[in-house]
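First comes the structure, then the notes that go with it.
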Amino acid sequence: MALRKPKARLNLRQAIEAAIQQVPRGKVSTYGAIARAAGLPGAARQVAGVLHRSFGLPWQRILGAGGEIKLRGDSAIEQRLRLESEGVIFRGRRVDMKRHEYKFPRAKSR
DNA sequence: AGGGTGACGATCA
DNA sequence: ATGATCGCCACCC
């Protein structure tokens, strides 16, 4: 009995990066969804942090809740252009999530 | 070691 | 729809 570690999970950063990498081209996800997929519900800000500090990730595919771009200034424009070039359609200022949101496979059985 | 910080999210005015 | 506020939580200095 004793103690059991809740979960010896990988480094947070790796878990988050792995989740982000799963989003395919032409699809998008949200900070919150990535956090959940990485086993860190509620850690949306950490997802943003990783995106901010890591290179080599498809950062443009991660949006705020509702498909909204949460970046500011030039970066926001670049994100939109990159997504559009991948075929992602916007509806006003947001991505059409019904059409492009990537659904993560259930980590645990269906 | 501790606390400020932020590419969030949900809610309310 | 926009802006403010509060709760979250690991990372960085």
Side-chain angles (χ1 to χ4, degrees):
Chain A
M1 1 259 23
L3 357 149
R4 117 200 9 247
K5 296 181 159 220
K7 251 118 180 266
R9 45 172 99 86
L10 306 171
N11 294 329
L12 249 271
R13 185 164 173 166
Q14 290 191 334
I16 291 173
E17 289 180 353
I20 293 171
Q21 298 279 16
Q22 295 172 48
V23 182
R25 188 170 194 283
K27 289 288 185 183
V28 300
S29 190
T30 65
Y31 303 97
I34 293 295
R36 290 192 295 277
L40 300 161
R45 300 187 101 135
Q46 277 50 250
V47 173
V50 170
L51 281 168
H52 187 64
R53 300 182 302 264
S54 297
F55 289 89
L57 295 173
W59 62 270
Q60 69 270 33
R61 298 179 195 152
I62 312 305
L63 304 161
E68 182 182 17
I69 286 183
K70 297 293 266 192
L71 282 170
R72 315 280 186 136
D74 296 339
S75 303
I77 311 229
E78 184 179 344
Q79 181 169 25
R80 176 160 183 156
L81 291 175
R82 281 174 173 252
L83 286 174
E84 290 179 330
S85 74
E86 292 187 350
V88 174
I89 310 245
F90 279 71
R91 203 172 122 270
R93 293 179 141 128
R94 316 178 169 183
V95 165
D96 183 341
M97 295 307 267
K98 301 188 185 25
R99 190 143 59 170
H100 300 290
E101 182 169 29
Y102 173 68
K103 317 289 198 207
F104 282 90
R106 276 326 210 141
K108 261 207 194 133
S109 74
R110 31 175 99 288

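In what follows, chains are A, B, ... by sequence order, proteins preceding strands, each numbered from 1.
- Using a 4.0 Å cutoff on non-hydrogen atoms, the parts of residues 45-62 of chain A near DNA chain B are A:Arg45, A:Gln46, A:Ala48, A:Leu51, A:His52, A:Trp59, ordered by number.
- At a threshold of 4.5 Å between side-chain heavy atoms, the hydrophobic network of Ile, Leu, Val, Met, Phe, Trp and Tyr places A:Ile77 and A:Leu63 in two separate groups.
- Rounded to whole Å, the separation between the P atoms of C:dC9 and B:dA1 comes to 23 Å.
- Pairs of residues two or more places apart, or lying in two chains, that qualify as salt bridge (charged side-chain N to carboxylate O under 4.0 Å, His left out) and include a residue from residues 73-89 of chain A are A:Arg61-A:Glu86, A:Glu78-A:Arg82, A:Arg80-A:Glu84.
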Which atom pairs link the protein and nucleotides 11-13 of chain B when you take only N or O atoms and keep those under 3.5 Å?
none

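- Hydrophobic clustering (ILVMFWY, side-chain heavy atoms < 4.5 Å, transitive): A:Tyr102 and A:Phe90 are in one cluster.
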Can you pull every protein N or O that's under 3.5 Å from an N or O on nucleotides 1-3 of chain C?
unit_1 : atom_1 : unit_2  : atom_2 : d
C:dT2  : OP1    : A:Arg93 : NH1    : 2.5

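- Here the closest heavy-atom approach between residue A:His100 and residue A:Ile89 is recorded as NE2-N, 2.9 Å.
- Against DNA chain B, the stretch residues 67-77 of chain A makes heavy-atom approaches under 4.0 Å through A:Lys70, A:Leu71.
- Here the nucleotide nearest the side chain of A:Leu12, chosen from B:dA7, B:dG9, C:dC11, is C:dC11.
- Within the 4.5 Å cutoff, no side-chain heavy atoms of A:Ile34 are placed close to those of A:Val50.
- Within residues 18-25 of chain A, no residue has any heavy atom under 4.0 Å from DNA chain B.
- The minimum heavy-atom distance linking A:Gln79 with A:Gln60 is given by the pair NE2-O, 3.0 Å.
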